[in-house]
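Just below is one structure, and these are the notes that go with it.
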Amino acid sequence: MTERSGFGDTSITGIDGAHGILTYRGYRIEDVAEHLGYEATASLLLGGTPPGKPGAPGVGSELRARRGLPENLERVIQALPPDMPPIDGFRTAVSAMGDVARVYPPTVNEALDLIARSPTLVARLHQRAVGSAPRDPDPHLGHVANYLWMLQGPRVAPERIRALERYFVLLADHGISASTFALRIVLSTRSDLASAASAALGTLKGPLHGGAPPEVLEMLDAVGSIDRVEDWVDRTLDQRGRLFGFGHPTYRVEDPRATLLRRYAKEVAAPARYALARRFEEIALDRLARRRPDQPLLTNVDFYGAVLLEGAGLPRELFTATFALARTAGWSAHALEQVAQNRVVRPPERYVGPPTRPWDGPAGNLGA
Ligand code: ACO
């Protein structure tokens, strides 16, 4: 960002938007999604070395051991209105997560607590909202399988677990996105991880970022059927509306995560939903290209991400919070990277107001 801070240097995730290449610690996202589950991906993001290689941190067992919620977090959950949207409850409770020491700098243990406890927190918030009994986390299950177990009980279809695991891996980090930027700004002032993570959650919540997936389904529901797609898309664009799940500030070609999610979503989506999504995508890409030939507005991660989340049996109220759960690994890695090279972040600004001028307002006599 500025010469002074060197802000923007990161060695976690590489994004080549011109060629559609995304890497975690130098490994292409296609290989990561093929070979690693979420715990191993978190390990890679945090430590820079894939699990199994010498020097790789043993993140999986650490995460499984840390899933329980401390008493103060349970009390915070009970104090929240049950109908509060899960992402808001999540953000509020995360502020209380720095229960031991709300101090700078964040430690690896605090980062692991954030990743491990968050699914328990979100599942508790959801169960409270729908009035069902909480299920304690199962330390024998992997991170994502355990999240689905807490939400859906013991009979979760393996294809749902596999699809959601892939979603978590693909969404685990994406460089200095808006929410990660917010997190890094907070830490740059030597504030604590709980404060930084709640800022990140507040930033992710917006519909132009992590709030987009539920909007994608609202959009598909509003369209209703394949024969209405063209008319709906044209009308929406005529009214200067946005098509959720399309466009990205970085990619000039298709985001490689969208390519993978199109495939993974098909494995769990209801066939009629998938067919509607495919037709919508086809028409949306055609119309966006015609209207904005100079600005590639392509399928982004949230379009098939939303279709996948629905296919995995998640209610749409949980979509944004689930996106955030996946991103806790990336946020943690960025938190540790930020404090290792910390300078206060301040964007370059340009004053565009009136030039300095002589006082020409009314004469005043303040305090008289
Ligand atoms: N549908 C229709 N028009 C669009 C879309 C879209 N999806 N995206 C951009 N535009 C139009 C805007 O209306 C704007 O038009 P204007 O110049 O006439 O006002 C123009 O393109 C430029 O828009 P910006 O918001 O400046 O473009 P940018 O590339 O910075 O925005 C963004 C990226 C915010 C993702 C945008 O494409 C968008 O709103 N997409 C829909 C929401 C969405 O899917 N968000 C998830 C993003 S991915 C993520 O966070 C993981």
Would you mind reporting whether Q152 and R160 have side-chain heavy atoms less than 4.5 Å apart?
yes

Pair E281-T299, side-chain hydrogen bond (donor to acceptor under 3.5 Å, both in side chains): steps then yes or no:
CA-CA 7 Å; E281 181 188 28; T299 314; 2.7 Å; yes

Looking only at heavy atoms, which two atoms of S118 and L114 are closest? And how far apart?
OG-O, 2.5 Å

Relative to the ring of Y38, is the ring of F168 parallel (under 30°), tilted (30 to 60°) or perpendicular (over 60°)?
perpendicular

Check R273 with D221, please: is the shortest side-chain N to carboxylate O separation under 4.0 Å?
yes

When you group the ILVMFWY residues by side-chain heavy-atom contacts below 4.5 Å and let the links chain together, are V186 and I12 in the same group?
no

Report whether L44 and I21 are members of the same hydrophobic cluster (ILVMFWY, side-chain heavy atoms less than 4.5 Å apart, transitive linking).
no

Could you label the plane-to-plane angle of the Y304 and Y274 rings as parallel, tilted or perpendicular, counting under 30° as parallel and over 60° as perpendicular?
tilted

Walk me through whether R279 and I283 qualify under side-chain contact (heavy atoms from CB on, under 4.5 Å).
CA-CA 6 Å; R279 179 67 180 154; I283 298 300; 3.6 Å; yes

Evaluate the criterion side-chain contact (heavy atoms from CB on, under 4.5 Å) for residue pair R117 and L121; output intermediate values, then yes/no.
CA-CA 6 Å; R117 288 175 183 172; L121 186 55; 5.7 Å; no

What's the separation between atom CG in L325 and atom CG in L201, rounded to the nearest 0.5 Å?
9.0 Å

Any non-hydrogen side-chain atom of Y264 less than 4.5 Å from a side-chain atom of L170?
yes

Contact check, side chains of L243 and F280, non-hydrogen atoms, under 4.5 Å
yes

Does one hydrophobic cluster hold both I87 and V76, with members joined at side-chain heavy-atom distances below 4.5 Å?
no

Verify the ring-centre separation between F181 and F7: is it less than 6.0 angstrom?
yes

E282 and E230, any side-chain heavy atoms less than 4.5 Å apart
no

Between L288 and L237, is there a side-chain heavy-atom distance shorter than 4.5 Å?
yes

When you check the gap from the basic side-chain N to the acidic O, do R287 and D238 get nearer than 4.0 Å?
no

Which residue in the set N109, I115, T120 passes side chain to side chain contact (heavy atoms under 4.5 Å, CB included) when paired with R66?
N109

Spatial distance of atom CD (E254) from atom CG (L260) [nearest 0.5 Å]:
9.5 Å

Is the backbone of A18 close enough, under 3.5 Å, to the side chain of R252 for a donor and an acceptor to pair up by distance?
no

Could you give the side-chain donor-acceptor pairs of residues 137-145 under 3.5 Å, partners two or more places apart or in another chain?
residue : atom : partner : partner atom : Å
D138    : OD1  : H140    : N            : 2.8

Tell me the closest heavy-atom pair linking G175 and H334, and the distance in Å.
O-NE2, 3.6 Å

Taking the side chain as everything from C-beta on, heavy atoms only, tell me whether E159 gets closer than 4.5 Å to E267.
no

I would like to know whether L151 and V156 meet side-chain contact (heavy atoms from CB on, under 4.5 Å); could you show each step before the answer?
CA-CA 10 Å; L151 292 174; V156 183; over 6 Å; no

Between atom CD1 of I185 and atom OG of S191, what is the distance when rounded to the nearest 0.5 Å?
12.5 Å

Between S179 and H209: side-chain donor-acceptor atoms closer than 3.5 Å:
yes

Is the closest side-chain donor-acceptor distance between S132 and Q127 under 3.5 Å?
no

With a 6.0 Å cut-off (strictly less than), is the heavy-atom count around CZ of R190, excluding the residue itself, greater than 12?
no

Basic-acidic side-chain contact under 4.0 Å: R28, D31:
no

Where L297 and G247 come nearest, the two heavy atoms and their spacing
CD2-CA, 3.7 Å

Do any pairs count as a ring pair (Phe, Tyr, Trp, His ring centres under 6.0 Å) and have a residue in residues 12-35, sequence neighbours left out, and if so which ones?
none

Quick one: CD1 on I29 to CG on L22, what's the gap to the nearest 0.5 Å?
4.5 Å

Would you say S188 and N342 are linked by a side-chain donor-acceptor pair, where the criterion is simply a distance under 3.5 Å?
no

Validation row: S225, R228 side chains within 4.5 angstrom (heavy atoms)
yes

